[in-house]
Amino acid sequence: MTDKNKLLYKIVKKLNGLSKIEAYELTHKLETLLFYASNPIDIENLKQIVDSDIDDNHEIDPFHFTILPNGNFCEFDGSNDWLHIYKENKRLLPNLPIFDTYYFKTKYAPLELIKLTKKNLLENVQDTEKEAEVLGFLKKHSVTKKNMVTDKLLILDS
């Protein structure tokens, strides 16, 4: 057995007992984390990345892809400089706007995929420079309000 195979076996052993979906989600988070990591990989650097904000010049999620714990895929729907929006691709429900579920990642929590709700968005931007802007937007609009012409979520324009 080669050294690479031994290392891969040690890593895969940690996935024992997880569902495939949980393993895919975990590997996606690891890919995103490694994208921001220094080379060579240093545990202190990784801890710092997980615990701190990502710099403004880094992309929130360079892969634009994720799988939810329920097995549904989320497709990238749009972004701005601090927010990425994902739309759940539901397999069984018809493609009607009333069934749409959105998720988001921000530069304040780039490894977390969070359901897009007013409460979750406000909690995520609390004590940041975007808090007042988001609060003002949410007083005027629903969090999932779309531009009628472009079919783009209005929160991405703020």
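Source: prediction; values computed, not measured.
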State which residues pass side-chain hydrogen bond (donor to acceptor under 3.5 Å, both in side chains) with Asn72; sequence neighbours excluded, sorted by chain then number.
-> Glu88, Arg91
Ser142 side, atom OG; Leu153 side, atom CG - distance, nearest 0.5 Å | 9.0 Å
Sort and list the pairs that fulfil ring pair (Phe, Tyr, Trp, His ring centres under 6.0 Å) and have at least one residue in residues 111-135, not counting sequence neighbours.
-> none
Given Trp82 and Val125, is the side chain to side chain contact (heavy atoms under 4.5 Å, CB included) satisfied, shown in steps?
-> CA-CA 10 Å; Trp82 65 276; Val125 297; 3.6 Å; yes
Using the test side-chain contact (heavy atoms from CB on, under 4.5 Å), find all partners of Lys20 that sit at least two apart in sequence or belong to another chain.
-> Tyr24
Going through the distances and angles, do Lys47 and Ile43 end up as a side chain to side chain contact (heavy atoms under 4.5 Å, CB included)?
-> CA-CA 6 Å; Lys47 286 179 183 176; Ile43 190 65; 4.0 Å; yes
In Å and rounded to the nearest 0.5 Å, what is the CG to CD1 distance from Leu121 to Ile155?
-> 5.5 Å
In this structure, which one of Asn80, Thr144, Leu156 forms a side-chain contact (heavy atoms from CB on, under 4.5 Å) with Ile85?
-> Leu156
What residues, two or more places apart in sequence or in another chain, satisfy side-chain hydrogen bond (donor to acceptor under 3.5 Å, both in side chains) together with Asn124?
-> Thr106
Could you pull out all residues at least two apart from Ser19 that satisfy side-chain hydrogen bond (donor to acceptor under 3.5 Å, both in side chains)?
-> Glu22
Check the pair Lys87, Asp100 against side chain to side chain contact (heavy atoms under 4.5 Å, CB included), reporting the backbone distance first and the verdict last.
-> CA-CA 7 Å; Lys87 181 179 170 186; Asp100 289 348; 3.2 Å; yes
Going by chain and number, the hydrophobic cluster around Val149 (ILVMFWY, side chain to side chain under 4.5 Å) further includes none
With Thr150 via side-chain hydrogen bond (donor to acceptor under 3.5 Å, both in side chains) - residues at least two apart = none
According to a 4.5 Å side-chain heavy-atom criterion applied to Ile, Leu, Val, Met, Phe, Trp and Tyr, with indirect links allowed, do Phe104 and Leu135 form part of one hydrophobic cluster?
-> yes
Please name all residues satisfying salt bridge (Lys or Arg N to Asp or Glu O under 4.0 Å) with Glu131, sequence neighbours left out, ordered by chain then number.
-> none
What about Tyr102 and Leu122, same hydrophobic cluster or not, with Ile/Leu/Val/Met/Phe/Trp/Tyr joined at side-chain heavy-atom distances under 4.5 Å?
-> yes
Residues two or more places apart in sequence or in another chain: which of them pass salt bridge (Lys or Arg N to Asp or Glu O under 4.0 Å) with Asp151?
-> Lys146
When rounded to the nearest 0.5 angstrom, what is the spacing between CG in Leu83 and NZ in Lys130?
-> 9.5 Å
For Leu7, what are the other residues in its hydrophobic cluster, where any two members join if their side-chain heavy atoms are less than 4.5 angstrom apart?
-> Ile11
Applying side-chain contact (heavy atoms from CB on, under 4.5 Å), name anything that partners Leu154, two or more places apart in sequence or on another chain.
-> Phe137, His141, Lys145, Asn147, Asp157
Side chain of Asn89, backbone of Cys74: donor and acceptor closer than 3.5 Å?
-> no
Closest non-hydrogen contact found for Leu138 with Lys118 is CD1-CG, 3.7 Å
Ring centre gap for Phe76 and His84 strictly below 6.0 Å | yes
The reported gap from CG in Asn120 to CG in Leu116 (rounded to nearest 0.5 angstrom) is 8.0 Å
When you look at Lys13 and Lys10, which way does the side chain to side chain contact (heavy atoms under 4.5 Å, CB included) test go after all the steps?
-> CA-CA 5 Å; Lys13 217 162 83 170; Lys10 282 172 63 175; 5.7 Å; no
Shortest non-hydrogen contact from Thr101 toward Lys115 | CG2-CE, 3.8 Å
